Participant: 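Here's a structure for you.
Start at 1 and go down the list; that is how both ligands and their atoms are numbered. Since the structure is predicted, the reported quantities are computational estimates derived from the model, not experimental observations.
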Amino acid sequence: MNYRGRFAPSPTGHLHFGSLVAAVASWLCARHAGGQWLLRMEDIDPPREVPGSAHSILAALPAFGLVADEPVLYQSQRIAAYDAAFEQLRAADQVFPCWCSRQDLADQGGLHRDDPCVARSDPDRVPAWRLRTPDREVRFDDALQGPQRQNLRESAGDFVIKRVEGFYAYQLACVVDDAWQGVTQVVRGNDLLDSTSRQIWLQQCLGLPTPAYLHLPLALDASGRKLSKSEHAHPVDPNDPLPALRRALAFLDLPCAGEAMNAEALLAYALARFDPTFLPHCSERSAA
Ligand code: GLU
């Protein structure tokens, strides 16, 4: 099967170091496998979106030598596909409307278990829609983090796939689009390892293939916080790409040409010596 990888940023700020690491690693894996590298803009959460950041992220990537093989897929233009997936789940009775508030679920650790709901149905209010989750383990082998197992009922409960505001949740959109784009391996940060079992369950409900997964160590700042939480403090500068690109390669334990004059040359040097199995296996590490 032809390898297809992807980088799928959310437009919540400028490209930051943690995203650059995911972009570089997913690009190297795709190029190493002789496959395609795709871009998807995950712009389906308008309240969280920072105006101008989708453009700024996409404009920055080529400065780092990262050019996609196909036109960018914008999730904001894929609502009909998410509607169709949602209807498929609804027809199969795999989703249910839910009026429970966070407070209603506080006694269950915020998780929704065992439909029926705590809150009563309310015809005057729009519900969220949750996917029923089974009391069984989802298992997968992560290429870096090793064998994973998660009982969805215990860890995630019946999770929201369509929000009260009417927006589709990341989990649904991601699964529908990974399948639509023919993605064969997902390379992304370890903060999403925990989402993977939910995504695999959704793929099974929708009859979609499950790609391979590789979760990269999460980049932490000097005080041990996840970088994306403080991303405004760590934007990368597309006007001076080499320092950040060198740092990203070092973070991934990849060889870095001392004398390279441009981003393309740095990437080519790393690619020629690249072996995905040598990527760091830890779940997080300092980027400082
Ligand atoms: N859009 C997500 C983010 O920026 C990544 C989603 C994914 O790679 O599956 O954190």
Participant: Do R40 and ligand 1 have an N or O pair less than 3.5 Å apart?
Facilitator: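 No; every N/O pair is 3.5 Å or more apart.
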
Participant: Quick one: does ligand 1 sit under 4.0 Å from the side chain of F7, the backbone, both or neither, non-hydrogen atoms only?
Facilitator: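 It is neither part, as no heavy atom is under 4.0 Å.
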
Participant: With a distance cut-off below 6.0 Å to the six-membered ring centre and an angular limit of 45° from the axis, does R247 pair with F17 as a cation-pi contact?
Facilitator: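 Output yes; distance and angle both within limits.
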
Participant: Can you tell whether the side chains of R6 and D177 come within less than 4.0 Å, N to carboxylate O?
Facilitator: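 Between D177 and R6 there is no salt bridge, as every charged N stays at least 4.0 Å from the carboxylate O atoms.
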
Participant: Check R113 with D158, please: is the shortest side-chain N to carboxylate O separation under 4.0 Å?
Facilitator: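 Looking at R113 together with D158, the answer is no, because their closest N to O distance does not fall below 4.0 Å.
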
Participant: Specify the protein heavy atom at minimum distance from atom 6 (C) of ligand 1: its residue, its atom name, and the distance to 0.1 Å.
Facilitator: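 Looking only at protein heavy atoms, the one closest to atom 6 (C) of ligand 1 is E42 OE1, 3.2 Å.
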
Participant: Can you see which heavy atom on T133 is nearest to which on R153, and at what distance?
Facilitator: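 So the two residues come closest at OG1-CA, 4.1 Å.
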
Participant: Which ligand 1 atoms, with their elements, are less than 4.0 angstrom from a heavy-atom of R6?
Facilitator: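 That gives atoms 7 (C), 8 (O), 9 (O) of ligand 1.
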
Participant: How far is atom 5 (C) of ligand 1 from its nearest protein heavy atom, and which residue and atom is that?
Facilitator: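 Here the closest protein heavy atom is A8 O, 3.2 Å.
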
Participant: Please classify the L192 to ligand 1 contact at 4.0 Å (heavy-atom distances, strictly less than): side chain, backbone, both or neither.
Facilitator: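 The answer is the side chain of L192.
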
Participant: Out of all atoms in ligand 1, which are within 4.0 Å of some heavy atom of S10? Include the element for each.
Facilitator: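 This gives 1 (N), 2 (C), 3 (C), 4 (O) as the contact atoms.
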
Participant: Give the numbers and elements of all ligand 1 atoms closer than 4.0 Å to a heavy atom of P9.
Facilitator: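 Under 4.0 Å from P9, ligand 1 has these atoms: 1 (N), 4 (O).
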
Participant: Suppose I only count heavy atoms of R188 and a 4.0 Å limit; which atoms of ligand 1 are within that range?
Facilitator: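 Every atom of ligand 1 under 4.0 Å from some heavy atom of R188: 7 (C), 8 (O), 9 (O).
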
Participant: Here's a test for you: under ring pair (Phe, Tyr, Trp, His ring centres under 6.0 Å), which of F159, W99, F86, Y168 qualifies with W129?
Facilitator: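 Option passing the ring pair (Phe, Tyr, Trp, His ring centres under 6.0 Å) with W129: F86.
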
Participant: Quick one: pull up CZ in F167 and CD1 in I44 and give me the separation to the nearest 0.5 Å.
Facilitator: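 With rounding to 0.5 Å, CZ (F167) is 9.5 Å from CD1 (I44).
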
Participant: I need the atoms of ligand 1 closer than 4.0 Å to a non-hydrogen atom of C174, numbered in the order shown.
Facilitator: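 Counting atoms of ligand 1 from 1, those under 4.0 Å from C174 are 9 (O).
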
Participant: Mind checking whether W37 and F7 have parallel, tilted or perpendicular rings, split at 30° and 60°?
Facilitator: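 Parallel.
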
Participant: If you measure from each heavy atom of Q199 to ligand 1, is any distance below 4.0 Å?
Facilitator: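 Heavy atoms of Q199 never come under 4.0 Å of ligand 1.
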
Participant: For ligand 1, which atoms sit closer than 4.0 Å to a heavy atom of Y170?
Facilitator: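 Taking each heavy atom of Y170 in turn, ligand 1 has 6 (C), 7 (C), 9 (O) under 4.0 Å.
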
Participant: Salt-bridge test for R285 and D253: reply yes if a basic N is under 4.0 Å from a carboxylate O, no otherwise.
Facilitator: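 Yes, charged N to carboxylate O under 4.0 Å.
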
